[in-house]
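Numbers here simply count residues along the sequence, with the first being 1. None of the values given here were measured: they were computed from a predicted structure. Basis for what follows: all heavy atoms, side chains included, without hydrogens, waters or symmetry-related copies.
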Amino acid sequence: MKKVCYLGLVALFASHTAWAQFSQSSIRGSRVKCVDNLAANHACSNIDLLARMSRTDLEVRGSSILNDIWGWTDPDSKREYALVGTGQFVAFVDVTDPVNPIYNGKLPGHDSDFPIIWRDMKVYNNHMYVTVDGRNNGMQVFDLRQLRSFDGIPRDFRATAHYDGITSAHNLAINEESGFAYITGYELSRSAQGAKDTCRGRGLHIVDIRIPGNPTYAGCFANRGTGNRNDGYTHDAQCVIYRGPDEKYQGREICIGSNESHISIADVTDKKNPVNIAAASYPRVGYAHQGWLTTDHEYFLMNDETDEFRPEVSNTRTIIWDLADLEDPVYHSAFYFSSTGPDHNLYVHGDYMFASNYSEGLRIVDISDINQPREIAFFDTHPRHDDTFAGAWSNYYFPESGTTVVGSHPDGLMILDPLPVTVTHTKASVAIPEAFSLSPAYPNPFNPVTSTVLSLPEQAEVRAEVLDMLGRSVDLLEDGVLSAGQHILTFDASQLPSGSYYIRVQTDQYATGTKVVLIK
């Protein structure tokens, strides 16, 4: 169960007020190079310190802590923002000029009177989604474009929308390609209990966020037989449109859960009827905490938060799963860091794994050869090493600039430059469909958004439009050249009346369509 995360964290939470006196001071204005394995007072290798923002800089007070972190790049201005989770709010920091970060303000929690340990944030379509474990927060929605109006004075922002299908949740995953959020480790609100969510807080609570300000419940999934209570509890997950080597599932939406005792794999393409694909455990499991797919979707790298406390596990360990066959996940190997402390969150960027390992800081591993991973850089965010679970909680890498931000408690926000990292922005290989086709729309009936998948065996000029029953065009979904592959066509009928509609797709060689029913 999730409370294993309390290992050390309860004591750590109780000592927060003592942390404040050890909070690190700010560093800004110029790069601090890592020379002779030291940058300021931080041990390091191949990572420079660009800036350090203290708890005070971020308005973090008293017993509140820094926890999770994410980022957003404004598509218009290209400004980069760190979204920094704390015990009572999300802090917004403009890191476009990484040696001179600017605090823009904060979004308080829906119920912010009591500081919590776990806050999670993810981004979709210029909106941030926030969950909190332990308080009645639901899922907050915040339009990040509000940050464009910053006038030099930090302010308290208000949520754009609020989803009340859950009260609290441990984590949140978002598939930006499909527009669905997957809430994990959640508690149901009264409005969501019963037939609406039969999983009852155990696995994935699925929310349609394709209209960002109007999140709606879509379904749930729990892989029974996994989790410390065999109830399918999912601690964290990654959900993707699968483009890996298993041809059976290419183009399907797949969620990979870290379920305390197991890895769990599910096909969630049909949100009302998700399908369990597989589950597997591994040697000397402690707490299967979180993980991330390699770019080619062939391997899944998973951290175990507590296995380092087992006598058989000498150093910090990352589990490597071979997912060539999704129905039969294979324990491929384990990578051991040079450090010995517990690990927390990791992410994969191209050929590199970025791991936040609490008191051992940020660790970067070259995984270009999955059979021989190499640790190539590190930055110790918590030099005092006074608590195993203090230090680097998570990290976010900005792909355009390479700037990397790390939230470290009680040390503050670290803004770093990982020197040896050069990420080539490539996606997993896409299987080319053998034939032209259009999938049935989902959901159908719908209100007000539905989607269908267009499969193209070759590049083509495509016109996709929506017709009413009189044959009049009411919406244009696509009009231009599309590459060979699969393309999601989304029909938003929020401005149209209830009734039947026809999604028609035409190329110079093919024509097809599918009927949909809008019920408001």
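- Each of F354, Y358, F389 was checked for a ring pair (Phe, Tyr, Trp, His ring centres under 6.0 Å) with H344, and the lone residue meeting it is Y358.
- In terms of modelled atom types and a separation under 3.5 Å, the side chain of H127 and the main chain of N125 share a donor-acceptor contact.
- Rounded to the nearest 0.5 Å, atoms CD1 (I265) and CG (D328) are 9.0 Å apart.
- Contact check on D307 versus R317 returns a salt bridge, with a Lys/Arg side-chain nitrogen under 4.0 Å from an Asp/Glu carboxylate oxygen.
- The pair R363-E375 meets the salt-bridge criterion, with a side-chain N (NZ, NE, NH1 or NH2) lying under 4.0 Å from an Asp/Glu carboxylate O.
- Side-chain contact between L301 and W292: absent, with no pair of heavy atoms (C-beta onward) separated by less than 4.5 Å.
- A donor-acceptor pair shorter than 3.5 Å cannot be found between the side chains of R148 and S77.
- Using modelled atom types and a 3.5 Å distance limit, the side chains of R52 and N41 yield a donor-acceptor pair.
- Under the 3.5 Å distance criterion, with hydrogens and angles disregarded, no donor-acceptor pair is assigned to the side chains of N104 and D94.
- Here the side chain of K33 pairs no donor or acceptor atom with the backbone of D48 at under 3.5 angstrom.
- Inspection of the H382 and D411 side chains reveals an N or O donor paired with an N or O acceptor under 3.5 Å.
- In this structure, the side chains of F379 and C44 come closer than 4.5 Å at one or more pairs of heavy atoms.
- Between the side chain of T226 and the backbone N or O of H262 there is no donor-acceptor pair closer than 3.5 Å.
- Salt-bridge annotation for R229 and D231: present, with a side-chain N of the basic residue lying under 4.0 Å from a carboxylate O of the acidic one.
- Using modelled atom types and a 3.5 Å distance limit, the side chains of E360 and T316 yield no donor-acceptor pair.
- The closest side-chain donor-acceptor pair between D236 and H170, if any, does not fall under 3.5 angstrom.
- For F92 and Y103, the ring centers sit 6.0 Å or farther from each other.
- Annotation: side chain of E400 is in contact with side chain of E80 (closest heavy-atom distance under 4.5 Å).
- Side-chain contact, Y282 with H332: no donor N or O sits under 3.5 Å from an acceptor N or O.
- Inspection of the Q238 and Y182 side chains reveals no N or O donor paired with an N or O acceptor under 3.5 Å.
- Side-chain atoms of N175 and E253 form a donor-acceptor pair, as typed in the model, at a separation below 3.5 Å.
- No hydrogens or angles considered: a donor-acceptor pair under 3.5 Å links the side chains of N259 and T234.
- By the 4.0 Å N-to-carboxylate-O rule, D74 lies too far from R145 to be salt-bridged with it.
- No side-chain donor from either of N67 and W118 sits under 3.5 Å from a side-chain acceptor of the other.
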Problem - D246 and L323: CA distance, side-chain angles, deciding distance, side chain to side chain contact (heavy atoms under 4.5 Å, CB included) verdict - result: CA-CA 8 Å; D246 191 337; L323 301 187; over 6 Å; no
Exercise for the section: Show your working on side chain to side chain contact (heavy atoms under 4.5 Å, CB included) between L413 and L58 and close with a plain yes or no. Expected result: CA-CA 8 Å; L413 173 65; L58 302 171; 4.1 Å; yes
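- A donor-acceptor contact closer than 3.5 angstrom links the side chains of S451 and T490.
- The existence of a salt bridge linking D57 and R28 is confirmed by a sub-4.0 Å separation between a basic side-chain nitrogen and an acidic carboxylate oxygen.
- Atom CD of E312 has more than 12 heavy atoms from other residues, nucleotides or ligands within 6.0 Å.
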Handout entry: Verdict with supporting geometry, Y397 and Y347, ring pair (Phe, Tyr, Trp, His ring centres under 6.0 Å)
Key = CA-CA 9 Å; Y397 172 83; Y347 300 97; over 10 Å; no
Exercise for the section: Show the numbers, then the answer: is there a salt bridge (charged side-chain N to carboxylate O under 4.0 Å, His left out) between K106 and E59? Expected result: CA-CA 9 Å; K106 60 183 182 291; E59 294 193 279; 3.2 Å; yes
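- Residues N395 and S356 bring a donor and an acceptor atom of their side chains to less than 3.5 Å of each other.
- Ion pairing between a basic and an acidic side chain is recognised when a charged N comes within 4.0 Å of a carboxylate O; D68 and R119 show no such pairing.
- Taking a 6.0 Å sphere around CZ of R310, one finds it holds more than 12 heavy atoms contributed by other residues, nucleotides or ligands.
- Side chains of Y124 and E177: a donor-acceptor N/O pair is absent below 3.5 angstrom, by distance only.
- Under the side-chain contact (heavy atoms from CB on, under 4.5 Å) rule, V123 has a single partner from I174, T73, L83, which is L83.
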